[in-house]
Enquirer: 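Have a look at the structure that comes next, please.
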There are 2 protein chains.
Amino acid sequence: MQTEFLSILKKNNLSVTESRMKILELFAQANGALAHNDIEKKSKLQFDRVTIYRTLQTFVEKGIIHTIPTADNSVLYALCKDECTQGHHNDNHVHFICDSCNVTYCLEHSNSPSVILPKGFKQNRVDVVVSGICLKCNA
Amino acid sequence: MQTEFLSILKKNNLSVTESRMKILELFAQANGALAHNDIEKKSKLQFDRVTIYRTLQTFVEKGIIHTIPTADNSVLYALCKDECTQGHHNDNHVHFICDSCNVTYCLEHSNSPSVILPKGFKQNRVDVVVSGICLKCNA
DNA sequence: ATATTTTTGCAACATTATTGCATTTTATAT
DNA sequence: ATATAAAATGCAATAATGTTGCAAAAATAT
């Protein structure tokens with residue numbers, strides 16, 4: 001596990017630091033997406049707020065994590081799959097937010113459906129966010 | 001126009017106040033969605049920031065406007081169509097954010113495609129946000 | 001082992017959002 | 001039309017969130 005995080009950082013030409021390793025670990029442990037605040041709580045007093053902001057920003061730039069749009073103003077982040085590279089995210093999958101437990105899932109195997117746009121509109125990227133009740137809460 | 005705003009408020013059992021009328025007007029004038037901050041700027045010094053927060057919140061609750069998810073942390077609001085009622089939004093349409101001019105459109109006639117979820121997940125609502133180049137910027 | 005580069009923590013600051021309460025405005029009942 | 005009740009507003013205080021510069025510390029390269 002640790003070695004996996006290590007190779008992620010190496011692969012992206014990032015220095016291996018305690019905070020980066022820890023934050024990668026938190027994402028791996030989480031069964032869903034994390035907000036900045038979640039990370040802050042889970043790593044209580046371990047490192048500065050600013051470090052978390054900067055780490056998340058770096059990870060997004062490098063294509064290690066991606067942001068998930070939400071209707072409220074919270075910014076969520078989740079681990080990207082291998083196909084993501086710097087400057088190009090391949091997060092063309094559906095995100096699911098559970099109304100009950102509030103966990104956000106990346107549904108890797110539900111590809112975003114294509115949308116028919118009016119004439120003159122050129123599509124660049126599509127985000128699909130479904131909300132409802134997740135597998136666990138439904139049981 | 002004024003009478004329309006008035007009936008919207010009446011219909012929702014809301015007192016008719018200057019700020020509410022003005023904010024409805026701003027939404028009607030805008031060719032896209034508005035952020036809290038847009039409203040604050042456009043109504044400079046007319047009313048308090050807090051009033052804007054509260055008005056937006058009330059409008060969302062009543063189903064007069066709806067929020068639009070965005071990948072950055074900004075919260076956008078747009079007028080709902082008639083089918084929306086208190087507690088139930090019917091904003092089942094695609095939102096389009098122009099990467100160039102940053103205007104957000106509600107594409108009323110592009111219905112959100114249905115998404116196939118994994119077993120056990122129950123769908124409640126779908127938000128589709130497409131980004132790209134809009135009609136005006138494309139010309 | 002040392003020099004260079006990068007990251008971190010701290011402090012200060014900016015922006016965005018929330019709450020309580022007194023005042024004002026709007027709606028209601030006479 | 002006026003008095004009363006109900007609701008909305010503005011202000012102040014506070015909280016939460018996000019950003020920047022810079023010195024100290026840690027990681028990498030030589």
Side-chain angles (χ1 to χ4, degrees), chain A residues 2-3 5-26 33-62 64-65 67-77 86 102, chain B residues 2-3 5-27 33-62 64-65 67-77 86 102 104:
Chain A
Q2 290 289 97
T3 45
F5 304 150
L6 223 144
S7 77
I8 290 176
L9 294 177
K10 297 273 191 190
K11 193 166 58 189
N12 288 285
N13 283 319
L14 293 173
S15 316
V16 178
T17 68
E18 208 191 318
S19 34
R20 286 175 181 164
M21 289 295 277
K22 179 68 183 176
I23 290 179
L24 282 178
E25 199 186 319
L26 288 176
L34 296 174
H36 173 276
N37 190 260
D38 296 326
I39 297 169
E40 205 176 331
K41 278 180 198 148
K42 289 186 195 231
S43 61
K44 208 78 178 170
L45 299 177
Q46 261 191 293
F47 20 73
D48 200 84
R49 283 166 43 75
V50 180
T51 300
I52 299 175
Y53 279 114
R54 290 196 269 228
T55 303
L56 289 174
Q57 191 181 302
T58 304
F59 282 3
V60 170
E61 279 164 10
K62 293 290 186 176
I64 299 171
I65 60 176
T67 58
I68 302 172
T70 57
D72 63 340
N73 83 339
S74 66
V75 191
L76 292 177
Y77 301 87
Q86 173 149 20
N102 237 46
Chain B
Q2 290 290 100
T3 43
F5 303 149
L6 224 143
S7 78
I8 291 176
L9 294 178
K10 297 273 190 191
K11 193 167 53 186
N12 287 286
N13 283 318
L14 292 173
S15 315
V16 178
T17 69
E18 208 190 319
S19 34
R20 285 174 180 164
M21 288 297 275
K22 179 69 183 175
I23 289 179
L24 282 178
E25 198 185 319
L26 288 176
F27 274 111
L34 296 175
H36 174 277
N37 190 262
D38 296 326
I39 297 169
E40 203 175 333
K41 278 181 197 147
K42 288 185 195 230
S43 61
K44 207 75 177 171
L45 298 178
Q46 259 191 293
F47 22 72
D48 200 83
R49 282 170 48 73
V50 179
T51 302
I52 299 175
Y53 280 113
R54 290 197 268 228
T55 303
L56 290 174
Q57 190 182 302
T58 304
F59 283 4
V60 170
E61 279 164 10
K62 292 291 186 178
I64 298 171
I65 60 178
T67 58
I68 301 172
T70 57
D72 64 340
N73 83 339
S74 65
V75 192
L76 293 177
Y77 301 87
Q86 173 150 18
N102 239 45
T104 298

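Labels below follow one simple rule: chain letters A, B, ... track the order of the sequence lines, proteins then strands, and each chain is numbered from 1. Values below: all heavy atoms of this structure, side chains included; hydrogens, waters and symmetry mates excluded. On a predicted model such as this, the values are computed, not experimentally measured, just so you know.
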Enquirer: Which whole-number value in Å describes the distance from K22(A) NZ to dA26(D) P?
Expert: 19 Å

Enquirer: Could you list the residues that satisfy side chain to side chain contact (heavy atoms under 4.5 Å, CB included) with Q46(A), not counting sequence neighbours?
Expert: E18(A), K22(A), S43(A)

Enquirer: Is R49(B) close enough to dT16(C) that one of its side-chain N or O atoms is under 4.0 Å from OP1 or OP2 there?
Expert: no

Enquirer: Ignoring backbone atoms, establish whether N37(A) has a side-chain N or O less than 4.0 Å from OP1 or OP2 of dT17(D).
Expert: yes

Enquirer: Among residues at least two apart in sequence or on other chains, which ones pass side chain to side chain donor-acceptor pair (under 3.5 Å) with N37(B)?
Expert: K41(B)

Enquirer: Starting at CZ of F47(B) and ending at P of dC11(D), how long is that distance when rounded to a whole Å?
Expert: 13 Å

Enquirer: Once salt bridge (Lys or Arg N to Asp or Glu O under 4.0 Å) is applied, do any residues pair with R54(B), and if so which ones, sequence neighbours excluded?
Expert: none

Enquirer: V50(A) or T55(A): which one's nearest nucleotide on DNA chain C is closer to the 5' end?
Expert: T55(A)

Enquirer: Tell me: OH of Y77(A) to P of dT17(D), nearest whole Å?
Expert: 12 Å

Enquirer: Once you round it to whole Å, what is the distance between C1' of dG18(D) and CG of D48(A)?
Expert: 12 Å

Enquirer: Which part of the nucleic acid does S19(B) contact within heavy-atom distance under 4.0 Å: base, sugar-phosphate only, or nothing?
Expert: sugar-phosphate

Enquirer: Quick one: on DNA chain D, does Y53(A) or T58(B) contact a more 5' nucleotide (nearest heavy atom)?
Expert: T58(B)

Enquirer: Treating primed atoms plus P, OP1 and OP2 as sugar-phosphate and everything else as base, which nucleotides of nucleotides 21-30 of chain C get B, S or - for protein heavy atoms under 4.0 Å?
Expert: -----SS---

Enquirer: Taking only residues two or more places apart in sequence or in another chain, which ones pass side chain to side chain contact (heavy atoms under 4.5 Å, CB included) with N102(B)?
Expert: none

Enquirer: Which atoms form the tightest heavy-atom contact between I52(B) and E40(B), and what is the distance?
Expert: CD1-CA, 3.8 Å

Enquirer: Using the side-chain heavy atoms of V75(B), tell me which of these nucleotides is nearest: dT9(D), dA17(C), dA8(D).
Expert: dA17(C)

Enquirer: End-to-end bend of the helix from dA1(C)-dT30(D) to dT30(C)-dA1(D) (five-pair axes, 10° rounding)?
Expert: 40°

Enquirer: Once side chain to side chain contact (heavy atoms under 4.5 Å, CB included) is applied, do any residues pair with D48(B), and if so which ones, sequence neighbours excluded?
Expert: V50(B), T51(B)

Enquirer: Do I68(B) and Y77(B) come close enough that some side-chain heavy atom pair is under 4.5 Å?
Expert: no

Enquirer: Just the rounded figure in Å: distance from P of dT6(C) to CZ of F59(A).
Expert: 17 Å

Enquirer: Does a side-chain heavy-atom distance below 4.5 Å link L34(B) with L26(B)?
Expert: yes

Enquirer: Within this structure, what is the CD-to-P distance between Q57(B) and dA7(D), rounded to whole angstrom?
Expert: 16 Å

Enquirer: Find the distance L56(B):CG to dT9(D):P and express it as a whole number of Å.
Expert: 11 Å

Enquirer: Rounded to whole angstrom units, what separation is found between the CD atom of E40(A) and the P atom of dT19(D)?
Expert: 13 Å

Enquirer: Which residues pass the side chain to side chain contact (heavy atoms under 4.5 Å, CB included) test with L14(A), not counting sequence neighbours?
Expert: L9(A), N12(A), R20(A), T58(A), F59(A), K62(A), I64(A)

